[in-house]
Amino acid sequence: MSPEAKIARDAPSLRDSPERWWLMALLLAGMIFCYAQRGTLSVAAPFMIKELGLSPAVMGILLSAFFWSYALMQVPAGWLVDRFGVRRAYGWGFACWSTASAGLAFASGPMALILLRMFQGIGQAVAFPASSRAVANWFQERERATVTAGYLIGVRLGQAAITAVGAFLLAAYGWKLFFLATGLTPLIWIPLWLGFLGKWEKKSTNPSASNHQAGSGPSASLMASLALLKQQSVLGISLGFFAYDYVWFLYVNWLPGYLMIERDFSAREMGIYSSLPFLVMSLAGMLSGISSDYLVRRGRDEIKVRKVFIVIGLLVACLIVPAALVKSHMTAVGLLTLSLVGLGIASPNCWSLTQAVCPKQLVGTAAGIQNFGGNLSGIIAPALTGYIAHVTNSFTLALSLAGLVLLAGVFSYSLLISKKVESI
C-alpha cells in the first residue's frame, strides 16, 4: 500500500462526522453568492436599457455572454475538480468570478460587459461540479438529495436576494456601485471554505493522492473522460438538463424584465414578485429532496425515484405556457410561481440522479457534462427570448416555446436513462 493510500485509510472521515453539515452550510453560502453575483446584470438590465439606450435584443446578448464561457468550461472544470480536489478548484473559481463581478462596475460599453461576463462564466463553471463531488465524497447515498436540495436553496435565495434588494440599491446608488459592492462582499467566503476543507481534504502535490484521500481513486484524463458522452444515461442527463436549464435561465435572466416590460410592474413590484417565486421554489426543492431520500431509505430503486420526481417537476413547470396567455397580471404571477415550484421539485433530483448513475471518481466530470448540456440553453434562452420579445413586441411566444422544451426534457429523462454508467 502506498504511503498516500495508507494516510487516506487512517485519516478521519468527514462522511462519518457531524461536521459534514458545516460543509453543507458552506456549499449553501457558496451558491447564494454565486447566484446573487450571476443575477446582478439581469436585475440591472431594465435600468441599463433605459440609461444606455440598449434594445432588449442587445441586452439578451449581454445576458447570454456569461454562458458562452460557462458552458464551454463545464467539462474541464469538472475534470479539474476530480483531478485536483474540491477545495482548491472551488476556491480559485470563486475568486475568479467575484473579481470579474466587481469589474462590471468599470465597464465602459457592451464589449467590456461581454468580456467580464465571460470571465464570470469561467469562474462559476466550477460551482456545480465541485458541489456534486463534495456530496458524493462526504455524504451518504440516502442523504444526497436532501443535501443537494439544501445547497440548491442557495441558488434561489441568491436570486431572490439580488432581485429584492437590487432594485432598491440600483435606484439609490446606481449600477456601478451596485456591481462593485456585490462583487467584493462575497470574497469573505473563500477563507472559510479553504480553512474548513483544509482539515478534511489533505493537501498533496500528487493529484491522485488527493483523490485517494477523498475515497474515490484516481481520475481519468480529460480526453478519456469525454468518453462518458457515448453512454446513453449521460446523454439523457445532458439533454434533459438542457430542457430544465432553458426554462430556469429564462426566469433568471428575464423574469424582472418581463414583469416590468410586459406586465407594467413598478420597480418595487418587480422586486417583490420576481423574488417571492424563487423563495417558494426553494421550499419545494427542500421538500422534494427530503421526500425522495425517504423513498430511497425505504428501499425503492434510487434511479427510478429520482426520475419520477424530475418528470413530475418538469410537467408542473409547463404552467409557464398559460402564464404567458392570461390577461390578469396577478394570475400570471401565480402561474409563474407554480411553474418555478415544478422546477424546484425536479432540481435536487436532477443532480442526485447524476450521483446515482455515475461512479464516484467520475461525478465531477459527469456533473460538468450535465451542466454543459444545461448551459447551452443558457447561451440560447436569454438571447432567443430577447430576440422574440423584440420582434413580436411580446414575451408570449418565448414563454410558450419554453413549454415545448420542457416536454422534450420529460422524454429525455423518461426514455434515455435506465442504467448505471460504466467506469472508463
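Residues: numbered from 1 along the sequence shown.
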So how far is it from [X] [atom1] to [Y] [atom2], rounded to the nearest 0.5 Å?
X    : Y    : atom1 : atom2 : result
H329 : L259 : NE2   : CG    : 10.0 Å
L401 : L406 : CG    : CG    : 10.0 Å
L343 : Y244 : CG    : OH    : 5.0 Å
L23  : L28  : CG    : CG    : 11.0 Å
L399 : F395 : CG    : CZ    : 8.5 Å
Y70  : Q120 : OH    : CD    : 11.5 Å

Specify the closest pair of heavy atoms between [X] and [Y], including all atoms of both residues, with the distance to one decimal.
X    : Y    : answer
V86  : A130 : CG1-O, 3.8 Å
F249 : G374 : CE1-O, 4.2 Å
V147 : F139 : CG2-CD2, 3.5 Å
S131 : M31  : OG-CE, 3.6 Å
G285 : P348 : O-CG, 3.5 Å
I417 : G236 : CD1-C, 3.8 Å

Heavy-atom side-chain proximity of [X] to [Y] below 4.5 angstrom:
X    : Y    : result
S132 : Y151 : yes
Y413 : C350 : yes
L276 : T337 : no
T385 : L63  : no
E143 : W21  : yes
W138 : L197 : yes
F309 : L353 : no
L62  : R117 : no

Scan residues 337-356 for pairs that pass ring-ring contact (aromatic ring centres under 6.0 Å, His included), counting only residues two or more places apart or in two chains. F128-W351, F241-W351
Could you give all pairs that pass the ring-ring contact (aromatic ring centres under 6.0 Å, His included) test and reach residues 97-125, with sequence neighbours left out? F94-W97
For atom [atom1] of [X], decide whether the heavy atoms of other residues, nucleotides or ligands shown that lie under 6.0 angstrom number more than 12.
X    : atom1 : result
H390 : NE2   : no
W92  : CH2   : no
F265 : CZ    : yes
N393 : CG    : no
R297 : CZ    : yes
M111 : CE    : no

Can you pull out every side-chain hydrogen bond (donor to acceptor under 3.5 Å, both in side chains) where at least one residue sits in residues 165-179? Sequence neighbours excluded, please. E51-W175
According to side-chain hydrogen bond (donor to acceptor under 3.5 Å, both in side chains), does anything in residues 310-326 pair up with another residue at least two apart or in another chain? List the pairs. none
Taking [X] for the side chain and [Y] for the main chain, is one N or O donor matched with an acceptor at less than 3.5 Å?
X    : Y    : answer
S412 : A408 : yes
S288 : I345 : yes
D293 : T146 : yes

Check the pair L283, V280 against side-chain contact (heavy atoms from CB on, under 4.5 Å), reporting the backbone distance first and the verdict last. CA-CA 5 Å; L283 177 60; V280 178; 5.6 Å; no
Residues in side chain to side chain contact (heavy atoms under 4.5 Å, CB included) contact with [X], at least two apart in sequence or another chain:
X    : result
A402 : Y246, V247, L250, I320
A323 : L335, L336
V296 : E302, V305, R306

Candidate pair F372 and L376, rule side-chain contact (heavy atoms from CB on, under 4.5 Å), full reasoning: CA-CA 6 Å; F372 171 74; L376 287 179; 4.0 Å; yes
Residues which pass salt bridge (Lys or Arg N to Asp or Glu O under 4.0 Å) with R38, listed by chain and number, not counting sequence neighbours: none
Going by the rule side chain to side chain donor-acceptor pair (under 3.5 Å), which residues pair with S339 if we only count those two or more places apart in sequence or in a different chain? Y251
Side-chain donor-acceptor distances from residues 185-195 under 3.5 Å, at least two apart:
residue, atom, partner, partner atom, Å
T185, OG1, A181, O, 2.8
W189, NE1, L26, O, 3.0
W193, NE1, R87, O, 3.1

Taking salt bridge (Lys or Arg N to Asp or Glu O under 4.0 Å) as the cut-off, I'd like each qualifying pair that reaches into residues 236-263, sequence neighbours left out, listed once.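 Sorted pair list comes back empty.
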Hey, mind stepping through V410 and L315 against side-chain contact (heavy atoms from CB on, under 4.5 Å) and telling me if it holds? CA-CA 7 Å; V410 168; L315 290 174; 3.9 Å; yes
Taking it one step at a time, do F278 and W248 satisfy ring pair (Phe, Tyr, Trp, His ring centres under 6.0 Å)? CA-CA 11 Å; F278 291 105; W248 167 249; 5.6 Å; yes
For residues 40-48, tabulate all N or O donor-acceptor pairs below 3.5 Å that involve a side-chain atom, not counting sequence neighbours.
residue, atom, partner, partner atom, Å
T40, OG1, Q37, O, 2.8
S42, OG, G39, O, 2.8
S42, OG, V252, O, 3.2

